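Side chains are part of it too, since the values below use all heavy atoms of this structure and drop only hydrogens, waters and symmetry mates. None of the values given here were measured: they were computed from a predicted structure. Chain letters run A, B, ... following the sequence lines, proteins first and then strands; every chain starts at 1.
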Amino acid sequence: MEILICIDDTDNLDSMGTGEILENMIDSLQNQGLAECSFVTRHQLYIHPEIAYTSHNSSMCTEGKTEQLEAVIDFCREYLAANSAEGSDPGLCIVLPEKLANKQELLEFSFKSKETVRHKAEAFALAEKYPEAVFLSEHGGTGDGVIGALAGCGLRISGNDGRIKGKFKPRTPNEIHSVAEFCRIYGVDRVLTLDKELLAAEEQLVFKSESKALFLDFQKTVYVAKDPEDGGLWHPLSKKELPDNA
Amino acid sequence: MLDIKKYFIEESGKKIFRFGRDDDAAACECAEQCGSFAWDDDEECLDDCTEFCYNCRYRRWTESSFCCMKTF
């Protein structure tokens with residue numbers, strides 16, 4: 001069965017980041033043969049003085065497959081309890097999308113979490129409506145991380161939110177590729193302009209510096225722009241060049 | 001004593017960077033004078049080469065700037 005695993009508020013100012021904790025947890029899950037997981041997405045949530053996020057108020061999510069759901073849930077809960085940083089407020093959410101009768105309700109909660117203050121009780125109330133599909137748990141501190149953990153699952157299910165953890169760099173400076181070559185070499189699904197126009201496979205781009213993929217329309221997507229100094233070629237945007245809402 | 005207080009304003013007991021989220025030069029100057037700069041988790045940095053407050057693990061973003069968590 002397909003599963004989503006999302007964690008939030010596991011770090012403090014001096015600890016390893018939530019993304020690294022999730023990646024380590026995934027490695028352990030896979031090493032023990034409990035689940036196979038794919039890439040990690042980072043989902044930015046609302047930044048507001050009322051929200052006591054530990055450092056960035058972003059949650060980290062992966063999706064995968066398992067035939068041992070109970071063992072995965074137990075493992076993730078124990079892992080988070082043992083590996084979250086002191087002073088953090090960790091939350092874990094595991095969702096079975098195929099068993100979620102009303103995805104829309106989760107999506108609404110999740111996108112609201114990017115723009116408004118949500119509360120822990122609201123997250124648990126939603127999870128309790130779908131006991132066969134949503135497994136939400138807190139693991140220390142205030143446990144407010146459950147809000148971001150639940151929201152992160154919804155945002156991943158939407159297929160239209162977040163940045164893909166990691167980055168890719170040109171193997172040689174200023175290398176020039178067709179879009180098709182670039183996608184094949186760097187494992188990207190598609191290349192879009194900032195106007196969200198799909199760049200054709202034969203278009204040329206110059207890969208100058210590290211870039212970052214987004215999760216849009218369920219695809220690993222790279223944005224490009226044109227710079228006059230590049231002779232009219234497109235170039236993949238760096239993290240800093242990405243739109244604020246990306 | 002380093003004068004990095006000039007880069008911040010006090011709001012409700014928090015030290016808010018007075019130059020907002022887009023003043024790279026001021027954020028570089030401040031980090032250079034501070035001496036406590038430490039790289040944040042890679043996912044949270046704007047790039048991997050600029051030692052400025054915007055890449056520091058001791059900043060917490062606010063809606064319009066960031067709050068510094070170091071004591072000075």
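Residues A:Q44 and B:W61 fail the side-chain proximity criterion, which asks for heavy atoms closer than 4.5 Å. Residues B:L46 and A:E241 form no side-chain contact, since every pair of their non-hydrogen atoms from C-beta on lies 4.5 Å or further apart.
Rounded to the nearest 0.5 Å, atoms CG (A:L13) and CZ (B:R60) are 5.0 Å apart. Here the CD-SG distance, from A:E210 to B:C49, works out to 7.0 Å after rounding to the nearest 0.5 Å.
Residue B:E63 places its CD atom among more than 12 non-hydrogen atoms of other residues, nucleotides or ligands, all under 6.0 Å distant. Under a cut-off of 6.0 angstrom, the local environment of CD in A:E115 is sparse, with at most 12 non-hydrogen atoms contributed by other residues, nucleotides or ligands. Residue A:K208 qualifies as enclosed at atom NZ: its count of foreign heavy atoms under 6.0 Å is above 12.
Residues that satisfy the salt bridge (charged side-chain N to carboxylate O under 4.0 Å, His left out) test with A:K239, not counting sequence neighbours, are absent from this structure.
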Show me the side-chain donor-acceptor pairs of residues 37-44 of chain B shorter than 3.5 Å, one per line, residues at least two apart or across chains.
| unit_1 | atom_1 | unit_2 | atom_2 | d |
| --- | --- | --- | --- | --- |
| B:D40 | OD2 | A:H56 | NE2 | 2.6 |
| B:D40 | OD2 | B:R59 | NH1 | 3.0 |
| B:D40 | OD2 | B:R59 | NH2 | 3.4 |
| B:D41 | OD1 | B:E43 | N | 2.9 |
| B:D42 | OD1 | A:K167 | NZ | 3.2 |
| B:D42 | OD2 | A:K167 | NZ | 3.3 |
| B:E43 | OE1 | A:K212 | NZ | 2.7 |
| B:E43 | OE2 | A:G166 | N | 2.7 |
| B:E43 | OE2 | A:K212 | NZ | 3.2 |
| B:E44 | OE1 | A:R42 | NE | 3.2 |
| B:E44 | OE1 | A:R42 | NH2 | 2.6 |
| B:E44 | OE2 | A:R42 | NE | 3.1 |
| B:E44 | OE2 | A:S58 | OG | 3.4 |

Give the intermediate values and the outcome of side-chain contact (heavy atoms from CB on, under 4.5 Å) for residues B:D24 and A:K240. CA-CA 11 Å; B:D24 291 7; A:K240 204 172 175 189; 2.3 Å; yes

Using side-chain contact (heavy atoms from CB on, under 4.5 Å), reason through B:Y58 and A:D14 one step at a time and then give a plain yes or no. CA-CA 8 Å; B:Y58 299 115; A:D14 292 301; 2.7 Å; yes

